[in-house]
Enquirer: 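Here it is: the structure, laid out below.
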Protein chains: 2
Amino acid sequence: MPRRSNAEAARTRVAIIDRAVQTASIEGLEGVTIGRLADDLGMSKAGVIGHFGNKTDLQRATFHQAQQIFTTEVWERAKDKPRGLPRLSAICEAWIKHVSNSPFPGGCFMCTVATEWDAREGDIHDEVRDSWRLWLKVLAREAAAGRDAGDLPEDSDPDQIAFELNAIAMALNQSLQLFDDRRAPARARSAVRRVLNQS
Amino acid sequence: MPRRSNAEAARTRVAIIDRAVQTASIEGLEGVTIGRLADDLGMSKAGVIGHFGNKTDLQRATFHQAQQIFTTEVWERAKDKPRGLPRLSAICEAWIKHVSNSPFPGGCFMCTVATEWDAREGDIHDEVRDSWRLWLKVLAREAAAGRDAGDLPEDSDPDQIAFELNAIAMALNQSLQLFDDRRAPARARSAVRRVLNQS
DNA sequence: CCTACCGATCGGTAGG
DNA sequence: CCTACCGATCGGTAGG
């Protein structure tokens, strides 16, 4: 028997997750606590957790929301480019823009959460790992298409290119967050250019 | 009035920090709690915190210990090489070995803590930032010496090289921790070779 | 370095 | 979605 309509409840759920994403981008998914969310939103703890059941499911929902934002801002903006090098270049540029002008206060959510969970065990670790792996595969697939089209050298290793592009994105996020280095986006673009022109 | 001798107390302090470094490499410095350390070491909470005063100073001491291990394993093993490219190459190789065969259960301590604190505020953030900055300066200084000696192209940008080498180290750690990818060290070496031969 | 304690907060539940 | 509660754990202190 909900005291609010389904539509209202759905809006509340969205508000909770939005707030959780903000907090998690700064302090990680473990920094998201039910009591703090309740305080921030002017709700009771029971009202918050009632939407998710338990904390792990709330963390999972938070991660999914951040994942979707990443997909929208990076993949969606590049997917209509021709496959291969043009699409891969567009992905990198959208990625750099996403990290440099982050929708989250703590910078790249995926970077924060990947490092937070890389050595832990459990469902969240597995989801983070699988979604990163998938993303690296997307990069490698486009690199392979670019190589096959002759836009990248014949002896290019798609997985190596994916590794290096990923490395650049992480370093960009670190330089921006930890050092507040405004030259970091230019460095990242320069590094991407080297990887895509010379690999 | 200590109930143990100074030497015994010093040994206890070392044991506490060692244990804290282990935990922090997996769960971050915020995962280090006084009660858990006390449990793990068969001590009382008061016995643990008495060595440090408060939790922040315990975290600081933990970070310093990890920093020292990093310096010993990476810098100390390369510092006797001739400055410039030989030393920079030796640093990268020692760095890759350090990350690949980590003395900590959760992989590269510095990577974990840098990401954990990059968007937070306070003393620990400042210490992490300053020590990373110093390390990037060491890399850039050697790159500059290598360029001046003619071992790197005249138009090399030392800070760009430092940025890219740092990126590789972080991606190596991620690939090992998150994906358990045994080919990651070879990928890192290949990437380093490209940066140092072609920049 | 211990026991015994403090107030605050954690995740979560019962009942409405 | 709320109030009122639960046991566990948090950082930390007093006193020995």
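Within every chain, numbering begins at 1; the chains are lettered A, B, ... in the order of the sequence lines, protein sequences first and strands thereafter.
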Enquirer: Measuring from atom OG1 of A:Thr62 to atom CD of A:Gln65, what distance do you get when rounded to the nearest 0.5 angstrom?
Expert: 8.5 Å
Enquirer: What nucleotide among C:dC1, D:dC2, C:dT3 has an atom nearest to a side-chain atom of B:Thr12?
Expert: C:dC1
Enquirer: What's the CG-P distance between A:Leu37 and C:dG12, to the nearest Å?
Expert: 13 Å
Enquirer: Exactly one of B:Arg189, B:Arg193, B:Lys81 should register a salt bridge (charged side-chain N to carboxylate O under 4.0 Å, His left out) with B:Glu93. Which one does?
Expert: B:Arg189
Enquirer: Could you go through B:Thr33 and B:Leu37, starting from their C-alpha distance and side-chain angles, then the distance that decides it, and tell me whether this counts as side chain to side chain contact (heavy atoms under 4.5 Å, CB included)?
Expert: CA-CA 6 Å; B:Thr33 69; B:Leu37 280 174; over 6 Å; no
Enquirer: Is it true that B:Gln22 and B:Asp40 share a donor-acceptor pair across their side chains at a distance under 3.5 Å?
Expert: no
Enquirer: Could you state the CE-P distance from B:Met43 to C:dT3, rounded to the nearest angstrom?
Expert: 11 Å
Enquirer: Would you say B:Glu30 and B:Gln59 are linked by a side-chain donor-acceptor pair, where the criterion is simply a distance under 3.5 Å?
Expert: yes
Enquirer: Heavy-atom count check: over 12 atoms from other residues, nucleotides or ligands less than 6.0 Å from A:Asp130 CG?
Expert: yes
Enquirer: Could you check, using the six-membered ring where one of them is a Trp, whether B:Trp95 and B:Trp135 have ring centers closer than 6.0 angstrom?
Expert: yes
Enquirer: Show me the protein contacts with nucleotides 9-11 of chain C, counting only N or O atoms at under 3.5 Å.
Expert:
unit_1 : atom_1 : unit_2  : atom_2 : d
C:dC10 : OP1    : A:Thr33 : OG1    : 2.8
C:dG11 : OP1    : A:Lys55 : NZ     : 3.1
C:dG11 : OP2    : A:Ile34 : N      : 3.0
C:dG11 : N7     : A:Lys45 : NZ     : 2.9
C:dG11 : O6     : A:Lys45 : NZ     : 3.1

Enquirer: Show me the pairs that pass salt bridge (charged side-chain N to carboxylate O under 4.0 Å, His left out) and involve residues 64-80 of chain B, at least two apart or across chains.
Expert: B:Glu76-B:Lys79
Enquirer: Given pairs defined as Watson-Crick or G-U wobble with both distances under 3.5 Å, what dot-bracket annotation applies to DNA chain C, with ( ) intrastrand, [ ] crossing, | other strand and . unpaired?
Expert: ||||||||||||||||
Enquirer: From CD1 of A:Ile49 over to P of C:dT13, roughly how many Å is that when rounded to an integer?
Expert: 9 Å
Enquirer: Find the distance A:Phe52:CZ to D:dC1:C1' and express it as a whole number of Å.
Expert: 14 Å
